[in-house]
Amino acid sequence: MVWLPISLWLLAEGETGWAVFIAVWFLAFVGTIDNWLRPLLISRDVELPFVLIVFGIFGGLLAFGFIGVFLGPTLLATSYALLLDWLIRTEQETLAESDKPPCEAGDDQA
């Protein structure tokens, strides 16, 4: 959204070479990194939904400043992974307990 007006302004000022360079640079490199590579690198180990990555980036930026851009998604991904692990283990334990036969009235429960 920013590079297009800059490129058009440079073109209107007669700087055709710089306008083409800015357009190609942002379209080929910066746009690719921002839109594809960063979400893949941030969420590669945890299948974190993209919306949570975005919330992590903005929340980290608001809470911790520039370093929060990296710290926010990291903390969010770690918390998300721990929560999922805890929920899966709790569900497995519940299923394991429901598979046990019920206790008889005369059984010792020591």
Side-chain angles (χ1 to χ4, degrees):
M1 289 179 21
V2 174
W3 59 269
L4 183 62
I6 292 172
S7 183
L8 291 174
W9 176 71
L10 285 171
L11 189 61
E13 292 291 319
E15 298 289 337
T16 308
W18 281 110
V20 171
F21 172 74
I22 293 292
V24 170
W25 176 261
F26 279 97
L27 185 64
F29 296 106
V30 176
T32 303
I33 290 170
D34 277 348
N35 294 328
W36 298 100
L37 192 57
R38 186 184 305 163
L40 288 175
L41 290 176
I42 291 174
S43 67
R44 75 178 154 189
D45 290 335
V46 177
E47 293 297 323
L48 193 64
F50 183 73
V51 174
L52 287 180
I53 295 171
V54 171
F55 284 149
I57 291 170
F58 289 130
L61 184 64
L62 289 173
F64 304 112
F66 179 71
I67 194 73
V69 171
F70 306 102
L71 193 59
T74 303
L75 292 174
L76 189 63
T78 303
S79 301
Y80 184 75
L82 289 172
L83 179 68
L84 284 181
D85 188 47
W86 177 71
L87 288 174
I88 290 171
R89 287 179 191 260
T90 304
E91 184 177 331
Q92 288 174 350
E93 289 174 1
T94 304
L95 288 174
E97 287 178 6
S98 67
D99 289 342
K100 290 181 182 177
C103 295
E104 296 292 328
D107 287 348
D108 289 326
Q109 295 185 8

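If you read the sequence from its start, that first residue is 1, and numbering goes on from there.
Ile6 and Leu11 are members of different hydrophobic clusters when ILVMFWY side chains are connected at heavy-atom separations under 4.5 Å. Hydrophobic cluster membership is shared by Ile53 and Leu84, with clusters built from Ile, Leu, Val, Met, Phe, Trp and Tyr side chains linked at under 4.5 angstrom. Residues Ile22 and Leu8 are members of one and the same hydrophobic cluster, defined by side-chain heavy-atom contacts under 4.5 angstrom among Ile, Leu, Val, Met, Phe, Trp and Tyr. Residue Leu10 is grouped with residue Leu4 when hydrophobic side chains (ILVMFWY) are merged at heavy-atom distances under 4.5 angstrom, including chains of intermediate members.
Among all heavy-atom pairs drawn from Leu76 and Leu52, the shortest one is CD2-O, 2.8 Å. Residues Gly56 and Pro73 approach most closely at O-CD, 3.5 Å, considering heavy atoms.
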Indicate every side-chain donor-acceptor pair of residues 88-95 with a distance under 3.5 Å to a residue at least two apart or in another chain.
unit_1 : atom_1 : unit_2 : atom_2 : d
Arg89  : NE     : Asp85  : OD1    : 3.4
Arg89  : NE     : Asp85  : OD2    : 3.1
Thr90  : OG1    : Trp86  : O      : 2.7
Thr94  : OG1    : Thr90  : O      : 2.8

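Aromatic ring orientation, Phe21 versus Trp25: parallel (interplanar angle below 30°, classes split at 30° and 60°).
Under a 4.5 Å side-chain heavy-atom criterion applied to ILVMFWY residues, the cluster that includes Leu75 comprises Phe64, Ile67, Leu71 as well.
A distance-only check finds a donor-acceptor pair linking the side chain of Ser7 to the backbone of Ala19 [under 3.5 Å].
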